[in-house]
Amino acid sequence: MAHFFYLYSMRFWVKTNLIIKKLFPNSVWDIPTTEKKVYLTFDDGPTPEITQWVLEQLKHYDAKATFFCIGNNIVKHPAVFQSVIDDGHAVGNHTFNHLNGWKTSTKIYIENMTMCNDTICSLVTEHCKLFRPPYGKIKPSQSKILRKMGYTIIMWDVISYDFDERISKNACLENVLANIKPGSIVVFHDSVKAWKNLEYVLPKTLAFLKEKRFDCDVIAI
């Protein structure tokens, strides 16, 4: 039943419903705060040109973010990954091959996550042990092992749906601006698939947050 609710939320809810947050209390969905602070996150990179463009936008608006990276992409594009680190952003584990936890045995899933961890550690001496499951899909057994390994599982409060090619750029922007609040964890994707929407939405989101005097910070748990 919990998986049914979760799948329903993933498909239809831009802002994660409180029911989902209560059903999965071992994951971080937002970071409660009284400050005007939000947490922008980017999944599936590093991707040449797109990740670099994202970094330029963040620098222009004096914003920090957290990048949940695919290990195989780090291996392919280490210089782009290093640019994320050099610019003072945080990085998290997104598995080595973008695995769907519901369709993967726990043994293989943990091995794949460990491959990504080893790749990150070969390039970064210190980093927070943050993990975001691809598609937001993870089995309880996988979650339990990851948490025992010291990982914090990061989900989201707002998802832009920038990866959905059926959504218009304006609808994607509205998904974010209408739902963001202090403490929100927001999902974007620095991927080719999301580029059409991301190119339009990210600068406008950053400008909106700056105008409203929000700080964009890294996730450091």
Side-chain angles (χ1 to χ4, degrees), residues 1-11 13 16-32 39-46 64-76 78 81 84-85 89-159 163 183-191 217-221:
M1 179 62 72
H3 279 181
F4 169 78
F5 278 120
Y6 194 18
L7 181 60
Y8 185 87
S9 75
M10 292 291 294
R11 176 63 183 87
W13 282 327
T16 303
N17 192 283
L18 184 60
I19 295 172
I20 301 302
K21 295 179 181 181
K22 289 184 176 180
L23 281 172
F24 298 91
N26 291 319
S27 297
V28 176
W29 299 91
D30 52 31
I31 301 176
Y39 302 88
L40 304 184
T41 66
F42 297 85
D43 288 4
D44 298 350
K64 298 299 181 186
T66 303
F67 290 76
F68 288 92
C69 299
I70 296 172
N72 193 38
N73 283 346
I74 298 174
V75 171
K76 291 177 181 176
F81 178 79
V84 174
I85 301 299
H89 303 290
V91 295
N93 189 319
H94 203 45
T95 74
F96 195 85
N97 296 109
H98 203 260
L99 297 186
N100 182 329
W102 293 1
K103 297 179 179 180
T104 309
S105 73
T106 295
K107 181 178 182 294
I108 291 175
Y109 194 79
I110 298 302
E111 288 175 351
N112 200 268
M113 181 282 305
T114 301
M115 284 177 61
C116 183
N117 178 71
D118 291 346
T119 302
I120 292 173
C121 289
S122 71
L123 298 170
V124 183
T125 54
E126 294 183 11
H127 68 97
C128 292
K129 297 183 78 171
L130 306 176
F131 180 81
R132 174 173 285 157
Y135 313 103
K137 296 177 180 179
I138 185 169
K139 295 175 183 175
S141 58
Q142 297 161 350
S143 172
K144 184 177 180 180
I145 292 172
L146 285 169
R147 287 182 284 111
K148 281 187 175 181
M149 293 171 68
Y151 274 87
T152 301
I153 298 174
I154 307 294
M155 294 297 195
W156 56 82
D157 179 49
V158 178
I159 186 164
F163 60 88
S184 286
I185 297 173
V186 185
V187 181
F188 293 106
H189 293 77
D190 52 332
S191 66
D217 205 354
V218 300
I219 299 173
I221 297 176

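All residue numbers refer to positions in the sequence shown, counting from 1. Note that this is a predicted model, so its numbers are computed, not measured.
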A.B. asks: Within the side chain of Ser122, is there an N or O that forms a donor-acceptor pair under 3.5 Å with the backbone of Thr119?
C.D. replies: yes

A.B. asks: I'd like to check Phe163 versus Asp43 (side-chain heavy atoms, cut-off strictly below 4.5 Å). Are they in contact?
C.D. replies: no

A.B. asks: Which residue pairs pass the side-chain hydrogen bond (donor to acceptor under 3.5 Å, both in side chains) test with at least one member in residues 142-151, sequence neighbours excluded?
C.D. replies: Asn117-Tyr151, Ser143-Arg147

A.B. asks: Go through the structure and list residues passing salt bridge (charged side-chain N to carboxylate O under 4.0 Å, His left out) with Lys21, not counting sequence neighbours.
C.D. replies: Asp30, Asp157

A.B. asks: Tell me whether Thr66 contacts the main-chain N or O of Ala90 through its side chain, where contact means a donor paired with an acceptor under 3.5 Å.
C.D. replies: no

A.B. asks: Kindly say whether Val84 contributes a backbone atom to a donor-acceptor pair with the side chain of His89 at under 3.5 angstrom?
C.D. replies: no

A.B. asks: Going by salt bridge (charged side-chain N to carboxylate O under 4.0 Å, His left out), name the residues that satisfy it together with Asp44, two or more places apart in sequence or in a different chain.
C.D. replies: none

A.B. asks: With rounding to the nearest 0.5 angstrom, report the OG1 to CD distance, Thr104 to Glu111.
C.D. replies: 11.5 Å

A.B. asks: Under 30°, 30 to 60°, or over 60°: which ring-plane class applies to Phe67 and Phe42, parallel, tilted or perpendicular?
C.D. replies: parallel

A.B. asks: Can you tell if the side chain of Cys69 reaches within under 4.5 Å of the side chain of Cys116, non-hydrogen atoms only?
C.D. replies: no

A.B. asks: I need the minimum non-hydrogen distance between Trp156 and Thr16, along with the two atoms involved.
C.D. replies: O-OG1, 2.8 Å

A.B. asks: In Å and rounded to the nearest 0.5 Å, what is the CG to NZ distance from Asn100 to Lys137?
C.D. replies: 5.0 Å

A.B. asks: So do Ile219 and Cys128 actually touch side chain to side chain, heavy atoms under 4.5 Å?
C.D. replies: no

A.B. asks: Hey, mind stepping through Asp217 and Ile31 against side chain to side chain contact (heavy atoms under 4.5 Å, CB included) and telling me if it holds?
C.D. replies: CA-CA 11 Å; Asp217 205 354; Ile31 301 176; over 6 Å; no

A.B. asks: Looking at every heavy atom in both Leu130 and Val91, which two are closest together, and how far apart are they?
C.D. replies: CD1-O, 4.4 Å

A.B. asks: What are the two closest heavy atoms between Asn93 and Thr95, and how far apart are they?
C.D. replies: OD1-N, 2.8 Å

A.B. asks: Quick one, Ile221 and Ile154 - any side-chain contact, counting heavy atoms below 4.5 Å?
C.D. replies: yes

A.B. asks: Quick one: does Ile20's side chain get under 4.5 Å of Met155's, heavy atoms only?
C.D. replies: no

A.B. asks: Which distance, rounded to the nearest 0.5 Å, do you find between the CG of Asp118 and the CG of Leu123?
C.D. replies: 11.5 Å

A.B. asks: Do the side chains of His127 and Cys121 get nearer than 4.5 Å, heavy atoms only?
C.D. replies: yes

A.B. asks: Looking only at heavy atoms, which two atoms of Phe24 and Trp29 are closest? And how far apart?
C.D. replies: O-NE1, 3.0 Å

A.B. asks: Please name the pair of heavy atoms, one in Pro134 and one in Tyr109, separated by the smallest distance, quoted to 0.1 Å.
C.D. replies: CD-OH, 3.8 Å

A.B. asks: Report the C-alpha distance between Met149 and Thr114 in whole Å, list the side-chain angles of each, state the deciding distance to 0.1 Å, and finish with yes or no for side chain to side chain contact (heavy atoms under 4.5 Å, CB included).
C.D. replies: CA-CA 10 Å; Met149 293 171 68; Thr114 301; 4.1 Å; yes

A.B. asks: Would you indicate whether the side-chain heavy atoms of Phe81 and Ile120 approach each other to under 4.5 Å?
C.D. replies: yes

A.B. asks: Atom CG in Asn97, atom CE in Met115: separation rounded to 0.5 Å?
C.D. replies: 6.0 Å

A.B. asks: Roughly how far, to the nearest 0.5 Å, is the CD1 atom of Ile110 from the OG atom of Ser141?
C.D. replies: 7.5 Å

A.B. asks: Please report the closest heavy-atom contact between Gly150 and Lys129, naming both atoms and the distance.
C.D. replies: O-CB, 3.7 Å

A.B. asks: Kindly compute the distance separating CZ (Arg132) from CD1 (Ile185), expressed to the nearest 0.5 Å.
C.D. replies: 7.0 Å

